[in-house]
Amino acid sequence: MQSFQPPRRILMGPGPSDVSPRVLAALARPTIGHLDPQFQDLMEEIKGALARLFNAPDHACVPLPAPGTAGMEAAIMNLLEPGERAVICINGAFGGRMADMADRAGAEVTKVEFDWGLPVDPATVEEALKAAGPVKVLAFVHAETSTGVRSDAASLCALARKYGALSIVDCVTSLGGIPVDVAAWDADAVYSGTQKCLSAPPGLSPIALSKRAQAAITARKTKVRNWLCDFNLLMSYWGGEGGRTYHHTAPINALYGLHESLVVLFEEGQQAVQVRHARTHEALAAGVEALGLKFLVAEAYRLPQLNTVIVPDGVDEAAVRAHVLAKWDLEIGAGLGPLKGKVWRIGLMGASATPWHVRLCLTALAEALDAQGFKSDSRAAVAAADAKLA
Ligand SMILES: Cc1ncc(COP(=O)(O)O)c(C=O)c1O
């Protein structure tokens, strides 16, 4: 065996995004014990920073020791017991994953499905809630990474309250890129991941749980089916009050990385970070359109951090991705499910949301399209992007 030396890459796919040198340096700091008093101080600081980032001062906020899917699994397995009703909104791949998990939890699942590329429609969801009888959980994805669509979290959480359900909100791609306001939404279980707009490596899943959700977990008649993510056990480790009980060994260096990514984010300022995502998206959109390409998603629902661009007729989707990777070290994403071969997914997440990334991507894309016989003007595209950044 030899040491692994990863190639240089510029990450503009659906995640992971570029990790800043500061976060990489933090990851390489010496490992200390997870019960070391100084590490426990770090855990407390991370909890506080996550509560600030989610705007969830009254929620319990902790990072789960596994990627975004663990947040999804924790929310579903903790809040649902066998036989309880879950209404799951599906407008892309990740809503579908939630429905599968709820089914595995033994819940009765009502799926409310929408075309890929459209947001979740609250009026349709309300009809489903009315028809479903008592509902324990309403779950949806705020920022659907498979399509690049934002759904209206405030309205959907309000519907959950109106019908006496707990809300589960997937903010894996939204947190740190667009406003996530857990307090204003009055949401119950909100989870994210570190590898998107937080620009830390994959492997951790911040989650926020309301007091209502915590009470529902305490009142369960059956044990949570997933030991690692059982919130009551987890909080005996992360809770801090009355000392910590060993539960698992925290991924110590990964938590250094998350901590540093939060320091970096708050140094720039949450609002400034969101403005940067919005501006770079506008620049990329202007450039993409100048190349003669079109977006899948209507402007009103587009995510700045995940741009879904339609592959023009006669162009080989995979060949374009292979070209930009080989010639420019640039990773962009493919379509999933029904969008496979039909779209590219271009991420502008966290440290990858800069004017430099936009210019590089437009130039590389134009070259790759040219190689496929699709004529476009890269200079005009970069000029259109620059005009938005001026
Ligand atoms: C919206 C959404 N939810 C959940 C996940 C799962 O996260 P992970 O791949 O980190 O487990 C992803 C990953 O892309 C996602 O985009």
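Predicted model, so just to flag it, every value in this text is computed and none were measured. For the numbers below, each heavy atom of this structure counts, side chains included, while hydrogens, waters and symmetry mates do not.
Counted by atom type alone, His142 and Asp170 present zero donor-acceptor pairs between their side chains at under 3.5 Å. For the residue pair Glu367/His323, the side-chain donor-acceptor check at 3.5 Å is satisfied. At a cut-off of 3.5 Å, with distance as the only test, no side-chain donor of Thr147 or Thr308 sits close to an acceptor on the other residue. If you check the side chains of His34 and Tyr237, you find a donor sitting under 3.5 Å from an acceptor. Arg244 and Ser236 form no side-chain donor-acceptor contact under 3.5 Å, judged by distance and modelled atom types alone. Looking only at atom types and distance, the side chain of Thr173 has a donor-acceptor partner in the side chain of Thr145 under 3.5 Å away.
Salt-bridge check for Arg359 with Asp386: passed, with a basic side-chain N closer than 4.0 Å to an acidic carboxylate O. Comment: Glu267 engages Arg22 in a salt bridge, judged by a side-chain N to carboxylate O separation of less than 4.0 angstrom. For Glu127 and Lys130, the salt-bridge test passes: some basic side-chain N is under 4.0 Å from an acidic carboxylate O. Of the charged side-chain nitrogens involved, at least one lies within less than 4.0 Å of a carboxylate oxygen, so that Lys162 and Glu126 count as a salt-bridged pair.
Interatomic distance, CG of Asp316 versus CZ of Arg321, reported as 9.0 Å (0.5 Å rounding). Distance check, rounded to the nearest 0.5 Å: CG of Leu11 to CG of Leu330 gives 9.0 Å. Expressed to the nearest 0.5 Å, how far CG of Leu27 lies from CZ of Arg29 amounts to 9.0 Å. The line from CD of Gln38 to CE of Met43 is 14.5 Å long, rounded to the nearest 0.5 Å. In this structure, CZ in Arg161 is found 11.0 Å from CG in Leu138, a value given to the nearest 0.5 Å. For the atom pair CD (Glu44) and CD (Gln40), the distance works out to 8.0 Å, reported to the nearest 0.5 Å.
Counting only heavy atoms from C-beta outward, the side chains of Ile310 and Trp344 never approach each other to under 4.5 Å. Looking at Val180 and Asn55, their side chains never come closer than 4.5 Å, going by heavy atoms from C-beta outward. Between Ile88 and Val112, the closest side-chain pair of non-hydrogen atoms is not below 4.5 Å. Put simply, the side chain of Leu198 reaches to within 4.5 Å of the side chain of Leu258, judged on heavy atoms. Residues Val87 and Val137 are not in side-chain contact: their nearest non-hydrogen atoms beyond the backbone lie 4.5 Å or more apart. Thr222 is listed as a side-chain neighbour of Pro82, based on a closest heavy-atom distance under 4.5 Å. Under the 4.5 Å side-chain criterion, counting only non-hydrogen atoms from C-beta, Gln305 is not in contact with His281. Looking at Leu306 and Met349, their side chains come closer than 4.5 Å, going by heavy atoms from C-beta outward.
Side chain of Gln195 to backbone of Gly15: no donor-acceptor contact under 3.5 angstrom is found. Formation of a donor-acceptor pair under 3.5 Å by the Arg85 side chain with backbone atoms of Lys136 is not found in this model. The closest donor-acceptor contact from the side chain of Ser146 to the backbone of Ala93 lies under 3.5 Å. Judged by distance alone, the side chain of Ser352 and the main-chain N or O of Leu348 form no donor-acceptor pair under 3.5 Å. For the pair Glu331 (side chain) and Ile10 (backbone), a donor-acceptor distance under 3.5 Å is absent. In this structure, Ser155 contributes its side chain and Asp152 its backbone to no donor-acceptor pair below 3.5 Å. Although no hydrogens or angles enter the test, the distance criterion places a donor-acceptor pair under 3.5 Å between the side chain of Lys47 and the main chain of Trp238. A donor-acceptor pair under 3.5 Å links the side-chain atoms of Lys196 to the main chain of Pro14, judged by distance alone. Remark: the backbone N or O of Met77 is not paired with any side-chain donor or acceptor of Asn226 at under 3.5 angstrom. The backbone N or O of Leu303 lies less than 3.5 Å from no partner atom in the side chain of His277, so there is not a single donor-acceptor pair.
Arg9 CZ: more than 12 foreign heavy atoms inside a 6.0 Å radius. Counting non-hydrogen atoms of neighbouring residues, nucleotides and ligands closer than 6.0 angstrom, the CZ atom of Phe374 exceeds 12 such neighbours.
Partners of Leu233 under the side chain to side chain contact (heavy atoms under 4.5 Å, CB included) rule, at least two apart in sequence or in another chain, are Trp227, Asp230, His247.
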Side-chain donor-acceptor pairs under 3.5 Å in residues 201-210, sequence neighbours left out?
{"unit_1": "Ser205", "atom_1": "OG", "unit_2": "Gly71", "atom_2": "N", "d": "3.2"}
{"unit_1": "Ser205", "atom_1": "OG", "unit_2": "Ser192", "atom_2": "O", "d": "2.8"}
{"unit_1": "Ser210", "atom_1": "OG", "unit_2": "Asp188", "atom_2": "OD1", "d": "2.7"}
{"unit_1": "Ser210", "atom_1": "OG", "unit_2": "Arg212", "atom_2": "N", "d": "3.4"}
{"unit_1": "Ser210", "atom_1": "OG", "unit_2": "Ala213", "atom_2": "N", "d": "3.0"}

Exercise. Between Arg97 and Thr69, does a side chain to side chain donor-acceptor pair (under 3.5 Å) hold up when you go through it step by step?
Worked result: CA-CA 9 Å; Arg97 186 178 293 189; Thr69 305; 2.8 Å; yes
For this session: Please assess Ser199 against Ser261 for the test side chain to side chain donor-acceptor pair (under 3.5 Å), listing each intermediate value before the final yes or no.
Result: CA-CA 7 Å; Ser199 268; Ser261 76; over 6 Å; no
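Asn78 approaches Arg220 most closely through the heavy-atom pair O-NH1, 2.8 Å. Scanning both residues, Leu362 and Gly287, for their nearest heavy atoms gives CD2-C, 3.5 Å. Smallest separation of non-hydrogen atoms from Glu144 and Phe94: OE2-N, 3.1 Å. Contact record, Val125 with Cys89: CG2-SG, 3.8 Å, taken as the closest heavy-atom pair.
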